[in-house]
Amino acid sequence: MNALPLAFGAPYLLAGLLVLPVIWWLLRVTPPRPVLEIFPPLKILAQLKQKEETPNKSPWWMTLLRLLLAAFIILALSEPVWNPRLETMSGKEPVAIVLDNGWSSNEEWTARKETAERLISDTQSDGALIYIVGTAEKANTDIGPFDANTALERLRALTVRPIPVDRPQAFARLKAVLADTKGTRLAYLNDGVDEPRAAEVIKSLEGSGIASMIWYQPSIASLVAIRQATNNANGLTVRIVRSSIDTSRNVVTVGAFDEKGRRIADTGIAFNAGETAAEGVIAAPYELRNDFHSLRIDGTAQAGATYLIDDNNKRRRVALLSGSEADLSQPLLSPLYYISRALEPFADLLRPRNSELIRAVPELLEQKPSVIIMADIGKLPAETEQTLSDWVNKGGTLIRFAGPRLAGGSEEDPLLPVRLRKGQRSLGGALSWKEAQPVASFPSNGPFAGLPTPQDVTVSRQVLADPSSDLFEKSWANLADGTPLVTGETRGRGQLVLFHVTPEATWSNLPISGSFVDMLHRIVSLSSNAGTIAQDSGANSARALPPYLTLNGDGALMPPNQDTKPLITSGSNLSVTFENPPGFYGVEDAMTALNLFKPDSEINPLARPELNFPVTTARYAVDESIPLRGPLFALAAALLALDALAIIWLGGHLRRRLRTTAAASLAILLLPALIVFAPSPAQAQQNDSKPGDQAILDAINVTHLAYVITGDGPTDDISKAGLLGLSKALADSTALEPGDPIGVDPARDELAVYPLIYWPVDADANMPSSEAIAKINAYMQQGGTVLFDTRDQDAAAFNLDNSTTPSTQRLRDILSGLNIPPLEPVPGDHVLTKTFYILQDFPGRYRGSPLWVQASLNEDRRSDRPVRAGDGVSPIIITGNDFAGAWAIDANGAPLLPTIPNDPVQRVHAFRTGINIVMYMLTGNYKSDQVHVPDLLLRLGN
C-alpha cells in the first residue's frame, strides 16, 4: 500500500487549482443580473420605503459555491483514486509470473488470477516482456516471452488441474528460458503446499539471472482431503488428512454418492487436538456400500476432497467349502481356519448350513457370492459340477486348494485351471531335493505382480501340473525351480484359481505367512469383473486402460479431455500425472479408480527458503482501490444545479410566485412519502386480521400437503422433499396441482386446511404436548387424516426377537392419547387398492410393512364395501415403509435416497401408493360406489 490512501491518475491537472483565485476575482467583480421589475406606478411606490438594494458584487456564498464547483471539476479530471494499489512490477525489466495451479489452488484461484492480472497491468505501460508459467502444465507448454495483452490471454487460459504441482519441471523450463536474461523480476504465486524437493528447486533459482522475487503464499489452514477408504465388516472406514497448521476445522462431513451422484450415506469425522489425520466409519448395509461410487467432503471444492471407489474397493461375499469337517478341539488344523482369518478384514464370509455338496452349493449361490473357495474337495457330483461351471462362466471366481482328496481325484476335473498329474509330489524324497523349496519372485504378468517375494515361505509337498504349452501363461506363482505354485485361467467371464498346496500349514508354511493374506486379497479384489484381469490368459499383465471419467479442479467427475492418455497398469503402483489425472479408467463394467492421495500422503506448509536475492512477501488480495472521478463529477453536477437555482432566485423569478406555489411545492414534496407510507385497503384490512390468517388463506387457495415438524433437521428435510416429490407426481399424473408442502406444529398451527398430514415418527423427538394431542383429535374427528410413518421396516425385518422397535413404541405412546378407531391392514378389496392405480401392496423406501387403516367392522364382507359407512375416509393411516424417503427428490428431480433393495420399480409403486392415498383423501369412496352404476342405469331405463 502507498503511504497516502489517495493517488491521482492525471496529477498534472491539479495545476488547474491555481486558477481558483482568478475565478474568485471574476465572480467578485461581476455582479448578478439586476432584478427586473414591471413598470406599474403603484408597484414602484409600494417599494419606495424598502432599503434593499441590488448588490454590485456576487454574494459570498455564491462565490464559494462556484469555487467549489470549479475545484470538484479539476479534481475529477485528475482521476483521483482512494486506497490506490501499489504498482509492484513497474519498469522495463522482464517479468516472470509463476502460478501453482495444482489441486490445492482451486479455493483461492480467483484471487490468484486477479493478482496475476494486476501484475501484468503494472508492466503494460513500460512494455516489459512477460513469462507465464503454470506448475501443473505439460512440459511443452509455451511460457513466453509475451507482451502484456498476450500474457493476459495466456493467464486466462490457465485452469486448476486436479493433480500435484510439478515444480522441478516448471522451474527448470523457466531457468532454461532465462539463461541469457539478467535482471528478471519473479512473482511466485504459490499454493502454500509443500512437495518433495520444493525447497531445493526454489533454491536453484540463485544465479539464474533473477534479480528479485515477490513471494505470494496463501493460508492452507482450510485444506482437508481424503487419503484412503477401506471396506470393512462394520462399514466403510474413511481416513482423512488436514493441514499441519489447521486448528480451526475440527469436524468435517464426508458424503457417499452413487453412480448417478445421489447422496446415499454420510458420516462426521472429528480431528483430535493437534492431530492431522482422522478416520470415521460410514455404517451402511453391505448392499448399500456396494453402491458407493465416490466420497466427497462437504464444503470443500477441490480434487483432494473427492475419493473414487471402484469395484476393487467394494466388499465381496466369499463362500467357503471344505472337504472335511472342522476339528473344534484343534482349530489350527481346520482347512478353512487360515483362509477365514485372511479374508475376514475385507470380505463377508458365507458358510453352508448343509454339509451335502449337492445342497450346499445351490444354497451358497442363492446368496450371490463373488468368490467360492473350496478346500481339498475332490470329485463333485455331476449336477453340482455343472452348476459351478455355469456360475464361473457368468463371472464367478472359484479358488481351490489342494489336499489328499484333490490329489487322488479325477485327472479330467473341468473346474481346474490346469491338468494335474496322478499322485502327489513329496519334496525331500529319494527322487527329489533334500530340503523344502522356496518361492520365486512373482511374475510381472500375473495378478500378484508388485507383491514382495515371500522370503520365509517354503513348500514341502504339492500337487503337480502336467506340462503344457500354456502352463507358463497360467502360472501366477512359482517355486524357485519354476514349478507352478498357483495357477489360474479365465473361463468365460470368470476365473479358476488353484493353490497347489493345502490351506493349512501341513504341506507349506504359506498359509501362516503375510504373503498368503496379500495373495487372497488380490484375487478376491479382482473377482466379479472388477479388476484388470487379462481375458486371454487370466494374468494381470501391464496394459492400457482408456480414460472413462476424470476429476476436474472442483473435484467433480467429467468426461476426459484431449490431453488425457490411457492409464498403463503395472502392478498396483499407479500415480497421478498431467496425462493421467484422478478418475476412472477402463470400461463401464470394469473400471479402475485412480485417486489423488495415497494412504500416507500429508498436507504440509511450504516454507520460503533463504535466497541470495531480495524477496518480498505479499498476500493475495482483491483490488481495494476506489476511483473518485465519478463521485466528484456527481458533486459538481449537484453544485451546478444549486447555482442555477440561486441565479433564478436572485433574479426574482421565484419570489413572485412563492406564496401561490408554496402549498403546491409542499404537496409535491410530500406526495412520494404519502404514496409509500399510506396504507392500502388490503393492508388496512390486514390490520384487523389475526396473526396466522394469511397463512390460512394461502393454504385454502391452493391444496397443500402438510408434514409434522419433528425438530430433527434431516428428518424434516426428507419429509419436505418427499411431499414435494409426491406433489410433482400428482401434478404429472392427475388433475390436482398441489402447492409446496408446508411444515406444521400440531400444537400451534391450524390443521383443518390440510387434507393430509404426514407424521414421521422419531423415537428421539419430544412427545407431543397435550395441546397438540387435543388438536390432532379434533382434526381427525372433523374429517382430516394423519399418516403415521415409523420408517422402521428395515430395522423390524432384522429384529429376530420380534420386540418392538423404538419408533413403534413411540407411536404407541402417541396413539395412547388419541381416540383411535379399530385398525386393520388394508384388505385386498379396499378402496385404496383401486383409487387411481390398481395396487397389491403399498411399498415405500422399504417393502413389507402393512398399511393400517380404520377397520370396517360394521360392513358386510363384500367386494364393494367402503372403509366405513358413508363417504368418509380413514382418519388414520399407519405404515413403516418410509414413504417420504421413497418420494424425496432434489432440486433436479432426482431421488435423494435409494430404495431397499435398490429397485426402480419399487419407487414407481411408492409414488403410485402416494397418489392413491391423496386421491382417497380428496374423493372419498367414490370407487366403491361405481359398482352400483348398473343398478342405477337399469332403474333409469325403466
Side-chain angles (χ1 to χ4, degrees), residues 310-312 316 318 339 342-343 346-347 370-371 373 392 395-402 415-420 437-459 462-501 503 508 510-511 513-545 567-574 585-586 590 592:
D310 58 15
D311 288 341
N312 290 322
R316 305 292 197 277
V318 179
I339 297 176
L343 293 177
F346 59 86
S370 299
V371 179
I373 298 179
V392 171
T397 297
L398 178 62
I399 304 175
R400 302 186 67 174
F401 282 84
L415 294 178
L416 290 175
V418 295
R419 183 177 178 180
L420 300 180
Q437 290 295 301
V439 178
S441 300
F442 294 117
S444 60
N445 63 339
F448 305 140
L451 294 180
T453 303
Q455 299 294 335
D456 300 329
V457 173
T458 59
V459 177
Q462 70 172 123
V463 293
L464 287 176
D466 267 345
S468 62
S469 60
D470 59 352
L471 182 59
F472 175 77
E473 297 177 353
K474 294 181 179 180
S475 298
W476 291 4
N478 300 303
L479 298 180
D481 66 343
T483 304
L485 175 62
V486 181
T487 54
E489 178 189 34
T490 298
R491 187 71 59 85
R493 295 173 57 192
Q495 294 290 317
L496 290 175
V497 183
L498 173 63
F499 281 75
H500 291 241
V501 294
S508 170
L510 175 64
S513 68
S515 298
F516 186 68
V517 178
D518 295 335
M519 294 166 73
L520 284 181
H521 191 182
R522 187 69 64 85
I523 297 174
V524 171
S525 298
L526 296 175
S527 64
S528 299
N529 295 328
T532 56
I533 302 175
Q535 295 299 318
D536 52 352
S537 63
N540 185 24
S541 58
R543 61 194 184 107
L545 298 178
L567 179 66
I568 306 300
T569 63
S570 180
S572 58
N573 188 19
L574 304 178
Y585 292 80
T592 295

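All figures in this text were calculated on a predicted structure; none of them were measured in a lab.
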Just by modelled atom types, is the Val439 backbone N or O under 3.5 Å from a matching donor or acceptor in the Gln455 side chain?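 Here the side-chain-to-backbone pair does not exist.
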Under a 3.5 Å distance rule, please check whether Lys474 uses its side chain to pair with a backbone N or O of Val418 as donor and acceptor.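 Pair absent, no side-chain N/O of Lys474 close to backbone of Val418.
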Is the number of heavy atoms from other residues, nucleotides or ligands within 6.0 Å of CG (Asp470) greater than 12?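 More than 12 heavy atoms, drawn from other residues, nucleotides or ligands, come within 6.0 Å of this atom.
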Nearest 0.5 Å, please: how far is [atom2] in [Y] from [atom1] in [X]?
X      : Y      : atom1 : atom2 : answer
Ile339 : Ile373 : CD1   : CD1   : 5.0 Å
Leu398 : Leu415 : CG    : CG    : 6.0 Å
Ile399 : Ile523 : CD1   : CD1   : 4.5 Å
Thr458 : Gln437 : OG1   : CD    : 9.5 Å
Phe448 : Arg522 : CZ    : CZ    : 8.0 Å
Leu451 : His521 : CG    : NE2   : 10.5 Å

Specify the closest pair of heavy atoms between [X] and [Y], including all atoms of both residues, with the distance to one decimal.
X      : Y      : answer
Leu510 : Met519 : CD1-SD, 4.1 Å
Pro503 : Pro511 : O-CB, 3.2 Å
Tyr585 : Leu545 : CD2-O, 3.7 Å
Ala402 : Val463 : CB-CG2, 3.7 Å
Pro452 : Ser515 : O-OG, 4.4 Å
Trp476 : Pro443 : O-CD, 3.2 Å

In a check of side chain to side chain contact (heavy atoms under 4.5 Å, CB included) between Val486 and each of Val501, Leu498, Val497, Asn478, which one passes? Val497
Any side-chain donor-acceptor pair under 3.5 Å between Thr487 and Ser475? no
With no hydrogens and no angle check, just 3.5 Å: does a side-chain donor-acceptor pair link Gln495 and Thr490? yes
ring-ring contact (aromatic ring centres under 6.0 Å, His included) contacts touching residues 479-501 (sequence neighbours left out):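 Every pair satisfying ring-ring contact (aromatic ring centres under 6.0 Å, His included) with a residue in residues 479-501: Phe401-Phe499.
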